[in-house]
Amino acid sequence: MAEAVTKERLHSSGEDYLKSIFILEAQHGSVRSVEVAEYMNVSKASVSHAVALLKKNGFLKMNQDYDLVLTDSGRAIASCIYEKHCYFKDRLISAGVSPETAEIEACRLEHCVSEESFHKLRKTYGY
């Protein structure tokens, strides 16, 4: 279900922002735009633009303290993307790929593999 929403209204860069917010939230509890910019190594203006689009499409909210908060649909997408990322990164490292290369390539793979294919890979090869 999250994948259908993603393909209709969200590009891979939007998925990257959601994933980053998801990770930062898990690490720190609350997330501000400046932390996202630092984490992703992008400008504050890029984050502001992305946040506006993600809010407009219902994936993200901002609370009264200006913390970024994932909506249910944003969290579902971020969780799926992060799960794919971890799976591919771990599999690549297990196959002998350097952690640095595995990180870069997992970032690419997480966006192009469908949920169906991902679940079949996990079922067949485990995780």
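All residue numbers refer to positions in the sequence shown, counting from 1. Side-chain atoms are counted along with the backbone in the values below, which use heavy atoms only and exclude waters and symmetry mates. None of the values given here were measured: they were computed from a predicted structure.
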Co-membership, hydrophobic cluster, residues [X] and [Y], 4.5 Å side-chain:
X    : Y    : value
V113 : Y125 : yes
V51  : L53  : no
F59  : M62  : yes
I81  : V42  : yes
L60  : Y82  : yes

State which residues pass side-chain contact (heavy atoms from CB on, under 4.5 Å) with A106; sequence neighbours excluded, sorted by chain then number.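 For A106 the side-chain contact (heavy atoms from CB on, under 4.5 Å) partners, ignoring immediate neighbours, are H85, F88, K89.
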For S98, give me all partners under side-chain contact (heavy atoms from CB on, under 4.5 Å), at least two apart in sequence or on another chain.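 If we apply the side-chain contact (heavy atoms from CB on, under 4.5 Å) test to S98, skipping adjacent residues, the hits are E100, T101.
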Per the side chain to side chain donor-acceptor pair (under 3.5 Å) rule, what does the pair list look like for residues 39-54, sequence neighbours excluded?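 Counting only pairs at least two positions apart or across chains, the side chain to side chain donor-acceptor pair (under 3.5 Å) contacts touching residues 39-54 are S43-S46.
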Note, [X] side chain near [Y] side chain (heavy atom, < 4.5 Å):
X    : Y   : result
E15  : C80 : no
L109 : K84 : no
E35  : L68 : no

Got a second to check how far E103's CD is from E105's CD, nearest 0.5 Å?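 Taking CD in E103 and CD in E105, the distance rounds to 11.0 Å.
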So, using side-chain hydrogen bond (donor to acceptor under 3.5 Å, both in side chains) as the criterion, who are the partners of R108 when residues are at least two apart?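 Once residues adjacent in sequence are excluded, R108 has no partner under the side-chain hydrogen bond (donor to acceptor under 3.5 Å, both in side chains) criterion.
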Taking only distance into account, with no hydrogens and no angle test, what donor-acceptor pairs under 3.5 Å do side-chain atoms of residues 21-33 form with protein atoms, sequence neighbours excluded?
unit_1	atom_1	unit_2	atom_2	d
E25	OE1	R75	NH1	2.6
E25	OE1	R75	NH2	2.9
E25	OE2	R75	NH2	3.2
R32	NE	D67	OD1	3.1
R32	NH2	D65	O	3.0

For Y87, all residues meeting ring pair (Phe, Tyr, Trp, His ring centres under 6.0 Å), sequence neighbours excluded: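 Ring pair (Phe, Tyr, Trp, His ring centres under 6.0 Å) list for Y87, sorted by chain: F118, Y127.
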Which atom pair, heavy atoms only, marks the closest approach of S73 to G58?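 Scanning both residues completely, I find the closest heavy atoms to be OG-O, 3.2 Å.
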Looking at every non-hydrogen atom in both residues, tell me the closest pair between L18 and G74 and how far apart they are.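 Nearest heavy atoms, L18 then G74: CD1-O, 4.1 Å.
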Looking at E116 and K120, is there a salt bridge between them, counting it only when a charged N and a carboxylate O are closer than 4.0 Å?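 Counted as a salt bridge, because a side-chain N and a carboxylate O are separated by less than 4.0 Å.
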Would H111 and D16 satisfy side chain to side chain contact (heavy atoms under 4.5 Å, CB included), going step by step from the backbone distance to the final call? CA-CA 9 Å; H111 301 295; D16 286 338; 2.8 Å; yes
